[in-house]
Amino acid sequence: MDADVIIVGAGPAGLSAAITLRAAGLRVTLLDREAQAGGIPRHCGHYPYGLREYRRLMQGPAYAARLVAQARAAGAEIRTQTNVVALHPGPRLTVTAPGRVAGGVAGGVAELTARAVLLATGARETPRAARLIGGTKPGGILNTGALQGLVYLGGQRPFRRPVILGTELVAFSAILTCRHLGICPVAMVESGPRATARWPAALFPRLVGIPLHLETEVAEITGRDRVDGVVLRHRGTTRRLACDGVVVTGGFRPEAALLAEAHLARDAGTGGPQVDQYGRCSDPAYFAAGNLLRGVETAGACWAEGRAVARAMLRGLAGALPEGSTPLTASGDALRYAVPQRTAPGEGAALAGLQLRVNRPFRGRALVTAGGATLAHAITALPERRIILPLPSGPGPVTLRLEDAP
Amino acid sequence: MTAAHDVAVIGGGVIGCAIARRFTLDGAQVVLLEKAADILDGASKGNSAILHTGFDAPPGSLEARCIAEGYAEYLAIHARLGLPLIRAGALVIAWTEAEEALLPALMDQARANGVDDVEPLGAAATRALEPALAPGVRASFRVPREYLIDPWSAPLAYLLQAVANGAVVRRGCAVTGGAHDGTAWQLATTTGPVRARLVINAAGNHGDTLDRLLLGEQHFTIRPRKGQFVVYDKPAAALAGHILLPVPNAVTKGIVVCRTAWGNLLVGPTAEDQDDRDTATLVPATLQALQRRGEEILPALAGHEVTAIYAGLRPATEFKDYQIRAHRGGSYITVGGIRSTGLSSALGTARHVAALAALGTTARPAPVWPGVPNISEAAPRDWQCAGHGGIVCQCEMVTQREVRAALDGPLGARSLAGLKRRTRVTMGRCQGFYCTAALARLTEGRFDLAMAEAPDGR
Ligand SMILES: Cc1cc2nc3c(=O)[nH]c(=O)nc-3n(C[C@H](O)[C@H](O)[C@H](O)COP(=O)(O)OP(=O)(O)OC[C@H]3O[C@@H](n4cnc5c(N)ncnc54)[C@H](O)[C@@H]3O)c2cc1C
Ligand SMILES: Cc1cc2nc3c(=O)[nH]c(=O)nc-3n(C[C@H](O)[C@H](O)[C@H](O)COP(=O)(O)OP(=O)(O)OC[C@H]3O[C@@H](n4cnc5c(N)ncnc54)[C@H](O)[C@@H]3O)c2cc1C
């Protein structure tokens, strides 16, 4: 046994879980494939981070460094540049690392075992290819995450006048990131009728003088070696806009490649693992927390979730977690997903509630039924906006139904 | 006056690379000239990666002969060069009564092409072999020796072997003119003059214009035929063991569904004639239609994640067969119109060209056989071996050691596109979300066009 608990992913969720588990005296090992622990905030050289955790406004790198230091001080072992490549029953993990892995078997590959495993591998944005955006394939088409890595970790500028695609919160991170190195976005493009992020973030591009094109799509990207422009389509008419890059933002999806070949049940809606309200996977030795459960929450929410799931793991390791979950029955054609996908009896849920997203602009009600009682919640939401409803704690199956307003 | 090479090959596509190798092994002193920053930047950058037996080629054609010879040589040398061979086999599937009626003739054609192990299958037998196929299958036949290969490592390995045995490669070198002075060709290029006794035009989609430039005449006209593809993430590869082919028509082999050497699944290509010789534009509506077609063939494909989209341009002409001709007393050979089978035929095409040239050189007695690193899923990968230096590209599991090796050496990558083709960096599901920054650092100062610049001009 290499540790009591192995945590895959040292972002906010994995780190807060490690701190919580160490406080209970467990032996904890965190594995992260990057050279530095800290997760996404490592390269978010902007605010706001840390409010919930440290009651102060911090930039991502300082926040990540503080969380990592806290986990180390608590006695968690952190192994970086250690890539988990397979999950097995046991629980047992296959990993690879540059040198010889402690406890390693052969070559660059080793197997690690623990009493329980927490998966906290986070989420990433949807790239250009998966969105089937047309045109050529020149250099200079990046997600926000890649842009941030270049700008904040490398001090490098991939372009000077990009177009920014999307208006989720992360698109505003993209603007901040650009401005950090004097990159001047020429436009922000949103296919919907409104910016996805709420006011006042949505006001921000206007404040800094970036034109926002609503109900507009990028019909084509042009350029051979480097992007030289985009063709924008707005209500059936197209026009060319010169630019030298495209930042493809948002459309977060769990980084769940590990699940593809694992024995754990996966949810087609989120792309992440199926969990109950304790963050417990279909193999009860595995738990999951953070953005792996769904794209995307703030770092603070992932941090809180990591802590809460860690407490549930402590109960689980003590044999005090109720068994026998039932699937949540969810319906309504506007529903993209609902987390958790299963509910077990018992009190003290780890997840913040019933978390959903819609797949189109929605106005109507969510009906949550449990133990014979139905609660109706009025909802108005755009896709990618978070919706959290109270999760009934009563025993028995839970049903969720979305109903459009007449 | 610069000393003359025996042979100047114009074009670093799969055909040019194979020709450079053949002439070098045959004992000639070869220079290969490629206008792009790196090799494989034309038709050879986007194909279906199938090693064809030639079962559906026109019997008796030059194409059929080159494919058969190319296929045989690939099988003979791939292991020595470290190249993968995925013995998938193909199924030619009839979905309608009309298509079913065509199967016997296609099987006869296969036998006429020397592919005599084709095997007819009924609907049930077809679906037993490929359980994920849609229920509408009427019948099929199996071509057991249609295989999958790595379309970039193969030509790279051919050219690397040429270089290891004395050939010279000039990249970023466009041929802009030239004349024969009675003893040799004097070519004008963007990187200075090149002299050679034999010039080989392997310029792909520019073959006709290059002939016009150097010979003042052309014998065919290129009309590029675009093929678009959708690539699915690795879990989708489990849906198809065989290469799933439709019944071909006169214009195209049709939409194929097959695995790749890297463990993905691809659907494509389309066949769209166009004038532009360099730009293969991706069209969302077409890509969506490909996805729908893929899901008609394999219903379980719905919901699988798309990792990449790409398009290639076939060097098609008004003729169906290859256009290989010697000119100017045999001092110039055009190798044109290698439309849709060049990856399979390259080694055979090179043999045909060498025979046509009849240089009379003596074969190199003990040629060097440098291998290329394995990047296919068919053999152990570098990350499974100790001391790899860490993973750079998390999705494709590309190691730091692999990236460094691909940047170094006689044919080191000169562009991000070239590095991708050698290692697969950024070609997985995240398309660079995680590794772009690390890659920009590792490749600093290596590319003609850097991935990013330091604002302070560092
Ligand atoms: C561009 C951008 C800007 C943002 N700005 C803000 C902001 O201003 N404020 C805010 O609150 N939130 C912001 N967020 C969101 C916030 O960063 C995330 O919600 C948070 O980091 C999620 O934490 P996590 O622990 O779930 O995952 P992550 O932070 O993604 O951490 C996951 C970790 O798992 C590791 N990992 C993944 N797979 C493996 C594997 N197979 N083996 C080993 N390790 C693995 C990764 O290396 C990574 O370190 C932003 C996100 C992005 C992308
Ligand atoms: C969609 C599609 C699917 C295909 N599928 C398959 C398949 O599954 N199996 C198979 O066997 N084949 C397949 N093919 C066919 C195969 O890819 C082609 O036959 C092959 O790539 C042609 O190679 P080439 O070397 O003739 O041309 P190219 O690869 O185009 O090489 C020509 C090179 O010459 C260079 N050049 C041009 N002009 C000059 C100049 N003036 N000076 C210097 N350099 C110059 C160009 O930059 C280019 O690199 C497919 C093709 C396509 C497009």
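The model shown is predicted, which means the values in this text are computed figures rather than measured ones.
Interface remark: A:Q148 contributes no atoms to any contact with chain B (heavy atom separation under 4.5 Å). For chain B, the nearby parts of A:D225 are the backbone and the side chain; heavy atoms of each come within less than 4.5 Å. Of the atoms belonging to A:V85, it is side-chain heavy atoms, and not backbone ones, that fall under 4.5 Å from chain B. Of the two parts of A:R124, the backbone and the side chain both hold a non-hydrogen atom closer than 4.5 Å to a non-hydrogen atom of chain B. If you measure heavy-atom distances from A:I221 to chain B, you find no contacts under 4.5 Å at all. Residue A:E125 touches chain B through both its backbone and its side chain, counting heavy-atom pairs closer than 4.5 Å. Both the backbone and the side chain of A:L150 come within contact range of chain B, with heavy atoms under 4.5 Å apart. Within the 4.5 angstrom heavy-atom criterion, only side-chain atoms of A:R160, from C-beta onward, approach chain B.
The candidate with the highest count of non-hydrogen atom pairs below 4.5 Å against chain A, out of B:G428, B:G303, B:G390, is B:G390. Interface check for chain A: of the options B:V283, B:T399, B:L416, B:I391, the most heavy-atom pairs under 4.5 Å are formed by B:I391. In terms of heavy-atom pairs under 4.5 angstrom with chain A, the leader among B:V306, B:L449, B:L439, B:T307 is B:L449.
Looking only at atom types and distance, the side chain of A:N143 has no donor-acceptor partner in the side chain of B:Q431 under 3.5 Å away.
Applying the side chain to side chain donor-acceptor pair (under 3.5 Å) rule to B:K35 yields the partners B:H206; only residues at least two apart in sequence or on another chain are considered.
Looking only at side-chain heavy atoms (C-beta outward), A:R33 and A:V84 stay at 4.5 Å or farther from each other. In this structure, the side chains of B:L419 and B:F447 come closer than 4.5 Å at one or more pairs of heavy atoms.
Using non-hydrogen atoms only and a strict 4.5 Å limit, the part of residues 284-293 of chain B facing chain A consists of B:P284, B:L287, B:Q288, B:Q291.
With rounding to the nearest 0.5 angstrom, the CZ atom of B:F229 is 11.5 Å from the OG1 atom of B:T260.
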